Participant: 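Please find one structure pasted underneath; my questions will follow.
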Amino acid sequence: MDFEHKISVLGSTGSIGTQTLEIAREYNGIKIEAMTAYSNAKLLEKQAREFLPKVVSLTDESAAKDLKVRLADTNIKVLSGKEGLIEAAVIDDAKTVVTAVVGISGLEPTIAAIKAKKNIALANKETLVTGGHIVTALADEYGVNILPVDSEHSAIFQSLQGCKDTNEIKRIILTASGGPFFGKTRKELKNVTPSDALKHPNWNMGAKVTIDSSTLVNKGLEVMEAKWLFGCDNIKVLVHRQSVVHSMVEFVDNGVIAQLGAPDMRLPIQYALTYPNRLPMKNNELDFIKYGSLTFDEPDTDTFYALSLAFDAMKCGGIKPTVFNSADEAAVEMFLKGKLSYLGISEAIEKALDKIENIENPTVEQIFEADGASREIVYGM
């Protein structure tokens with residue numbers, strides 16, 4: 001199938017970004033117009049020389065200076081900081097922006113891209129968690145698509161392709177791998193180290209997402225994101241250790257449609273880039289005989305109570321999802337640096353949620369103020 005698509009990749013050196021580039025290698029019709037990263041000048045240089053984008057940007061100013069020297073023999077424009085990230089997001093020729101940056105830093109470039117009438121291949125769940133009311137309204141106003149890249153949300157999106165009315169949806173069922181500590185008690189998790197928490201059983205992801213998966217925070221963020229993506233807040237989480245059923249939709253007639261596939265992020269990334277078409281993909285066939293049986297369990301929300309906090313934040317709405325997200329970002333940062341215990345991550349989120357009063361329909365400025373306040377609370381623990 002002939003296919004041509006020009007894209008910008010925000011976060012090209014991370015897990016989602018590098019897999020997006022794998023797909024671009026497979027299909028020459030996918031052209032990279034811009035790419036960004038946080039500080040990895042060496043890898044971004046290598047990517048830039050291969051894909052020859054018009055613009056590259058590094059958030060870290062010193063790393064950007066290094067990259068400018070590295071690419072001095074090319075015609076590639078090198079930018080830096082938040083301004084560079086936003087310029088890459090609105091670059092003229094790109095039709096779709098893959099937002100694969102980590103954390104709340106994805107909100108502003110996503111808003112800018114929507115206003116520039118770019119479709120969004122969304123891998124940055126924090127964008128909708130913190131600013132869902134703003135982002136979805138803008139997407140409607142500017143007539144752009146928000147295409148989910150997370151495997152769970154892609155599965156829901158695919159399962160809804162035959163759904164003509166959201167009133168037909170009874171509930172969304174999000175599956176979770178359960179992470180490396182499934183079945184453990186709080187007592188057994190008391191002395192967990194970062195290296196323990198980074199051993200995910202099924203997925204190869206960045207450090208932040210892997211830690212969040214182990215605490216079920218990641219699933220909590222996905223619950224809040226799903227509400228905005230699909231207009232449904234009746235959401236059930238099930239632990240599915242095999243990571244084959246990526247999520248399901250239950251309809252009002254009690255029929256359930258699920259999307260299955262091997263644990264491979266390239267499929268949801270590719271579908272977001274080629275939708276509504278499906279293109280061939282190599283080496284990701286699902287072998288049913290290999291798995292034998294598929295199991296489902298209730299999540300342990302006593303041990304991993306951050307998931308319950310996420311549901312509470314979703315029900316409260318307003319600024320609470322931002323507080324949840326930002327407190328977690330700060331707590332994971334401290335845990336990885338050895339300054340906070342593993343169990344302290346959930347405790348930090350709860351403390352921030354208790355201390356910060358809610359604001360309904362917050363502005364972008366209020367979202368970032370709450371982000372800073374949440375971090376201060378956690379850093380002060």
Side-chain angles (χ1 to χ4, degrees), residues 125 128-129 148-161 163 166 168-186 188-189 197 199-203 205 209-265 267-268 286-288 290-315 321 324 328 346 349:
K125 59 180 65 68
L128 290 184
V129 169
V149 167
D150 274 345
S151 62
E152 295 85 354
H153 297 104
S154 178
I156 296 163
F157 181 66
Q158 292 178 62
S159 297
L160 287 171
Q161 288 309 297
C163 179
T166 55
E168 294 177 354
I169 302 171
K170 181 177 179 180
R171 64 175 175 172
I172 287 169
I173 302 170
L174 281 172
T175 56
S177 71
F181 305 130
F182 176 71
K184 300 289 186 183
T185 63
R186 288 182 64 79
E188 291 173 308
L189 297 176
K199 295 173 183 175
H200 196 280
N202 299 331
W203 295 99
M205 306 176 291
V209 180
T210 304
I211 299 298
D212 282 350
S213 178
S214 75
T215 59
L216 295 191
V217 163
N218 193 54
K219 204 54 51 180
L221 294 172
E222 289 175 1
V223 165
M224 291 185 269
E225 183 184 9
K227 171 192 170 182
W228 291 109
L229 280 170
F230 308 111
C232 176
D233 59 7
N234 188 10
I235 301 169
K236 170 74 175 176
V237 172
L238 288 176
V239 176
H240 170 54
R241 297 295 284 164
Q242 296 82 17
S243 296
V244 168
V245 178
H246 295 300
S247 278
M248 300 173 266
V249 178
E250 184 176 8
F251 295 91
V252 291
D253 61 1
N254 298 321
V256 178
I257 295 180
Q259 187 266 329
L260 283 67
D264 183 347
M265 280 303 301
L267 191 155
L286 176 59
D287 183 349
F288 284 95
K290 172 185 174 182
Y291 287 95
S293 63
L294 303 176
T295 61
F296 301 91
D297 296 278
E298 291 282 353
D300 178 359
T301 52
D302 291 326
T303 300
F304 304 97
Y305 71 94
L307 180 58
S308 294
L309 296 176
F311 273 99
D312 291 342
M314 180 184 71
K315 290 173 185 174
F324 179 96
D328 173 65
S346 298
I349 296 169

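All figures in this text were calculated on a predicted structure; none of them were measured in a lab.
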Participant: Kindly say whether H153 contributes a backbone atom to a donor-acceptor pair with the side chain of D150 at under 3.5 angstrom?
Facilitator: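 Checking the backbone N and O of H153 against the side chain of D150, no donor-acceptor pair under 3.5 Å is found.
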Participant: Calculate, to the nearest 0.5 Å, the distance between atoms NZ and CZ belonging to K236 and F311 respectively.
Facilitator: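 It comes to 8.0 Å.
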Participant: If the condition is salt bridge (charged side-chain N to carboxylate O under 4.0 Å, His left out), which residues does K184 pass it with, not counting sequence neighbours?
Facilitator: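 None.
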Participant: Nearest 0.5 Å please: distance from the CD atom of E298 over to the CG atom of L238.
Facilitator: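 E298 atom CD to L238 atom CG measures 6.0 Å (nearest 0.5 Å).
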Participant: Atom CG in N218, atom CD1 in I211: separation rounded to 0.5 Å?
Facilitator: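 The distance works out to 11.5 Å.
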Participant: E168: which residues meet the side-chain hydrogen bond (donor to acceptor under 3.5 Å, both in side chains) condition with it, sequence neighbours left out?
Facilitator: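 Scan of E168 (side-chain hydrogen bond (donor to acceptor under 3.5 Å, both in side chains), adjacent residues dropped) gives none.
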Participant: Is there a side-chain contact between T215 and F181 (heavy atoms, below 4.5 Å)?
Facilitator: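 T215 vs F181: side chains apart.
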Participant: Specify the closest pair of heavy atoms between P299 and V237, including all atoms of both residues, with the distance to one decimal.
Facilitator: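 Heavy atoms only, the tightest pair is CD-O, 3.3 Å.
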Participant: Should E225 and M314 count as side-chain neighbours, where that means a heavy-atom distance under 4.5 Å?
Facilitator: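 They are not in side-chain contact.
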Participant: Could you please spell out the steps behind the side-chain contact (heavy atoms from CB on, under 4.5 Å) verdict for K227 and L128?
Facilitator: CA-CA 9 Å; K227 171 192 170 182; L128 290 184; over 6 Å; no
Participant: Is there side-chain contact between L286 and Y291, with heavy atoms separated by less than 4.5 Å?
Facilitator: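 SC-SC contact between L286 and Y291 confirmed.
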Participant: Taking I235's backbone N and O only, do any of them form a donor-acceptor pair with R171's side chain (distance below 3.5 Å, no angle check)?
Facilitator: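 Looks like no, no N/O pair under 3.5 Å.
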Participant: Please answer whether the main-chain N or O of S154 pairs with a side-chain N or O of H246 as donor and acceptor at a distance below 3.5 Å.
Facilitator: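 Judged by distance alone, no pair lies under 3.5 Å.
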Participant: Just to verify, what does K219 make a salt bridge (charged side-chain N to carboxylate O under 4.0 Å, His left out) with, not counting sequence neighbours?
Facilitator: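 K219 satisfies salt bridge (charged side-chain N to carboxylate O under 4.0 Å, His left out) with E152, E222 once adjacent residues are dropped.
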Participant: So, K170 and N254: side-chain donor and acceptor under 3.5 Å apart, yes or no?
Facilitator: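 The criterion, which ignores hydrogens and geometry beyond distance, is satisfied for N254 and K170.
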Participant: Can you name the nearest heavy-atom pair linking D300 to T303, along with the distance?
Facilitator: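 In this case the closest contact between D300 and T303 is OD2-OG1, 2.6 Å.
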Participant: Using 0.5 Å steps for rounding, measure from the OG atom of S293 to the CZ atom of R241.
Facilitator: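 Rounded to the nearest 0.5 Å, the OG-CZ separation comes to 13.0 Å.
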Participant: Which heavy atom of S243 sits nearest to which heavy atom of P263, and what is that distance?
Facilitator: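 In this case the closest contact between S243 and P263 is O-CG, 3.5 Å.
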Participant: In this structure, which one of I172, I257, I169, T166 forms a side chain to side chain contact (heavy atoms under 4.5 Å, CB included) with L160?
Facilitator: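 Checked I172, I257, I169, T166 against L160; only one passes side chain to side chain contact (heavy atoms under 4.5 Å, CB included): I169.
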Participant: Do I173 and H240 come close enough that some side-chain heavy atom pair is under 4.5 Å?
Facilitator: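 No; the side chains remain at least 4.5 Å from each other.
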Participant: What's the shortest heavy-atom distance between A306 and V217, and which atoms?
Facilitator: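 For A306 versus V217, the nearest heavy atoms are CB-CG2, 3.6 Å.
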Participant: Considering only heavy atoms from C-beta outward, does the side chain of D212 approach that of K125 to under 4.5 Å?
Facilitator: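 The answer is no, as the side chains (C-beta and beyond) never meet within the 4.5 Å cut-off.
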Participant: Side chain of T175, backbone of V245: donor and acceptor closer than 3.5 Å?
Facilitator: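 Checked: pair present.
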Participant: Is there a side-chain contact (heavy atoms from CB on, under 4.5 Å) between F288 and L260 once you walk through the steps?
Facilitator: CA-CA 10 Å; F288 284 95; L260 283 67; 3.9 Å; yes
Participant: For F157 and P148, which heavy atoms make the closest approach, and how far apart are they?
Facilitator: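 Where F157 meets P148 most closely, the heavy atoms are CB-CG, 3.7 Å.
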Participant: To check you understand the geometry: which heavy-atom pair defines the closest contact between A197 and P180, and what is its length?
Facilitator: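 Closest approach of A197 to P180: O-CG, 4.0 Å.
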Participant: Please check: side-chain N/O of S159 versus main-chain N/O of A155, any donor-acceptor pairing under 3.5 Å?
Facilitator: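 Confirmed, S159 side chain pairs with A155 backbone.
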